[in-house]
There are 2 protein chains.
Amino acid sequence: MSLIPIRPGSPFGTQPERSDAARNRERLLQAARDLVAERGVDAVTMDMLACRADVGKGTVFRRFGSRAGLMMTLLSDAEAEFQREFIFGPPPLGPGAPPLERLIAFGEARIKYVEEYGELARAAAEHSPQNRHDAPPVVLWHRHIEMLLREAGLDRDPWLLALSLGATLDPERMLHSLRAHGVAPERLAASWRELVTRLLKDC
Amino acid sequence: MSLIPIRPGSPFGTQPERSDAARNRERLLQAARDLVAERGVDAVTMDMLACRADVGKGTVFRRFGSRAGLMMTLLSDAEAEFQREFIFGPPPLGPGAPPLERLIAFGEARIKYVEEYGELARAAAEHSPQNRHDAPPVVLWHRHIEMLLREAGLDRDPWLLALSLGATLDPERMLHSLRAHGVAPERLAASWRELVTRLLKDC
DNA sequence: ATAATAAGCGGACCGCAGTCCGTTTAGAAT
DNA sequence: ATTCTAAACGGACTGCGGTCCGCTTATTAT
């Protein structure tokens, strides 16, 4: 399902999960989606979730590891879809277009993603620089930007430059611009376009 | 003392703090510095601080408002010094040099700042997008970058562009590169130089 | 000196994320 | 069907940041 397996599911040799575990997982995911829908991401507590799903608290943490892990799980379908699009999808986001256009499209797609899932994404990164910067999806985005920079001929430490560009697209930061400062998404997109266009000029 | 008054001190008409309050503030700051020195920022808890300073927990929070507030207070001298340097100090960091050189110097200074105070700065921004992005010093850095961009002739939404550049210099992010990935500070500086140089080319 | 008062104080208390460990149970082996 | 065992479970417990509120005390006015 996800291109990068975010949670438990099924590495290879491992036997399938027990039936009660599967049932509880479904109950938990359903309850989590309901709670997020009716109260907002930030108001959902792990106790609340355990209670609503009618399981013990230990079960919640066994399943998701942490609050951030729960949020990642809730995001994983959207995340997988996003990954599919920029890896296999049609240009300009997917392969086929020149790198500058792909970069621009990548930024625009991220902005839309943050508009829709920003709160979840923020909660999925909270309380751990490790999760924030080295979670598999983040590393993948980073590598993708780095690859596009290389393709565009930017050979001076593209890894760090990709980190800088990634910082611009950070969910918390963009969310803050959008919500706290009322910046229009189109303006964010225009600024991103301007930024990468200038960066890649004459390479 | 600080150019931007970070904590309580003395707005104008307010009478000076009571003597016992002053004494407790000194005790708290001394205890906080000691604890940070001997156990590291992340290991210092508010209870621990209250206990070491021999005051009640309520007093700690009355003084600093939150853990982040405490860390900001511990940073305020270094922060004021940094502000002085890029506002009034000698070029290329201070006024007098061309904007590109000032930008480069600003990034370099921030990198040194993070090397020295990164953990404190990270802790000062934790648990609140509000504090992270709209704290007075952050706003000041942002304005400074924006001003330099304008001076350099970059007139397409310099406010948002400054936000992007600021994101690159974010303490948590740089700290993560430095510590978790072992990136040398000189490499960070070189990447920053490359980034802003390309951005300001042909303006 | 005494009284009045507001700032300051302390620590019990709360909510939340995350852990621990004794108990239950699904599913395999016989 | 019975036994076995490892996975799963549940909820009491811990640690931390942060709040609340009744008590204390420095300071000012009389």
Side-chain angles (χ1 to χ4, degrees), chain A residues 7-11 13-29 31-32 35-36 39-73 122-128 130-132, chain B residues 7-11 13-28 31-32 35 39-73 122-128 130-132:
Chain A
R7 271 286 140 186
S10 48
T14 64
Q15 58 216 16
E17 65 185 341
R18 255 166 57 167
S19 61
D20 54 343
R23 188 204 49 197
N24 279 339
R25 200 190 57 232
E26 283 319 306
R27 284 228 294 258
L28 280 166
L29 285 174
L35 283 171
V36 165
R39 320 179 61 138
V41 172
D42 295 347
V44 176
T45 72
M46 299 303 265
D47 291 87
M48 199 186 286
L49 173 57
C51 176
R52 173 72 77 101
D54 208 42
V55 302
K57 198 179 181 179
T59 303
V60 181
F61 280 89
R62 150 174 296 265
R63 205 51 69 191
F64 303 111
S66 68
R67 199 183 128 95
L70 165 68
M71 300 310 177
M72 284 184 215
T73 304
R122 172 154 41 94
E126 247 162 14
H127 300 305
S128 148
Q130 180 64 18
N131 269 353
R132 190 189 295 272
Chain B
R7 270 287 141 185
S10 48
T14 62
Q15 58 216 13
E17 64 186 341
R18 256 167 56 169
S19 62
D20 55 342
R23 188 204 50 198
N24 279 340
R25 201 190 55 233
E26 284 318 307
R27 284 230 292 259
L28 280 167
L35 282 170
R39 319 177 61 137
V41 172
D42 295 346
V44 175
T45 73
M46 299 303 265
D47 292 88
M48 197 186 288
L49 173 57
C51 177
R52 172 72 76 103
D54 208 42
V55 302
K57 198 178 181 179
T59 304
V60 181
F61 280 89
R62 149 175 297 267
R63 206 51 69 191
F64 303 112
S66 67
R67 196 183 130 96
L70 164 68
M71 300 308 177
M72 283 183 219
T73 304
R122 170 154 42 93
E126 248 163 11
H127 300 304
S128 150
Q130 179 65 17
N131 269 353
R132 191 190 294 274

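Throughout, protein chains are lettered first and strands after them, A, B, ... in sequence-line order, and every chain is numbered starting at 1.
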Exercise. Any side-chain N or O of B:N24 under 4.0 Å from OP1/OP2 of C:dC9?
Worked result: yes

Exercise. Taking only side-chain nitrogens and oxygens of A:R62, does any of them come within less than 4.0 Å of OP1 or OP2 of C:dT19?
Worked result: no

Exercise. Who pairs with B:R23 by side-chain hydrogen bond (donor to acceptor under 3.5 Å, both in side chains), at least two apart in sequence or on another chain?
Worked result: none

Exercise. So do B:N131 and B:M72 actually touch side chain to side chain, heavy atoms under 4.5 Å?
Worked result: yes

Problem set entry | Contact check, side chains of A:R39 and A:M48, non-hydrogen atoms, under 4.5 Å | yes

Separation of [X] atom [atom1] from [N] atom [atom2], in whole Å?
{"X": "A:L28", "N": "D:dC9", "atom1": "CG", "atom2": "C1'", "result": "12 Å"}
{"X": "A:R25", "N": "D:dC9", "atom1": "CZ", "atom2": "P", "result": "11 Å"}
{"X": "B:D42", "N": "D:dG15", "atom1": "CG", "atom2": "C1'", "result": "16 Å"}
{"X": "B:L49", "N": "D:dC16", "atom1": "CG", "atom2": "C1'", "result": "14 Å"}
{"X": "B:E126", "N": "D:dG18", "atom1": "CD", "atom2": "P", "result": "10 Å"}
{"X": "A:F64", "N": "D:dA8", "atom1": "CZ", "atom2": "P", "result": "13 Å"}

Exercise. Considering residues at least two apart in sequence or located in another chain, which fulfil the salt bridge (charged side-chain N to carboxylate O under 4.0 Å, His left out) criterion with B:R18?
Worked result: B:D20

Problem set entry | salt bridge (charged side-chain N to carboxylate O under 4.0 Å, His left out) partners of B:R27, counting only residues at least two apart | none

Seminar exercise, completed: Heavy-atom contacts, protein to nucleotides 11-18 of chain C, under 4.0 Å, summarised as B (base), S (sugar-phosphate only) or - (none) per nt, yield B----SBB

Seminar exercise, completed: Under a 4.0 Å heavy-atom criterion, the protein footprint on nucleotides 21-30 of chain D, written with B, S and -, is ----BSS---

Output all residues satisfying side-chain contact (heavy atoms from CB on, under 4.5 Å) with [X], sequence neighbours left out; order by chain, then residue number.
{"X": "A:V60", "result": "A:L28, A:M46, A:L49, A:A50, A:V55, A:F64"}
{"X": "A:V36", "result": "A:V41, A:V44, A:L74"}
{"X": "B:A125", "result": "B:R132"}
{"X": "A:D47", "result": "A:T45, A:K57"}

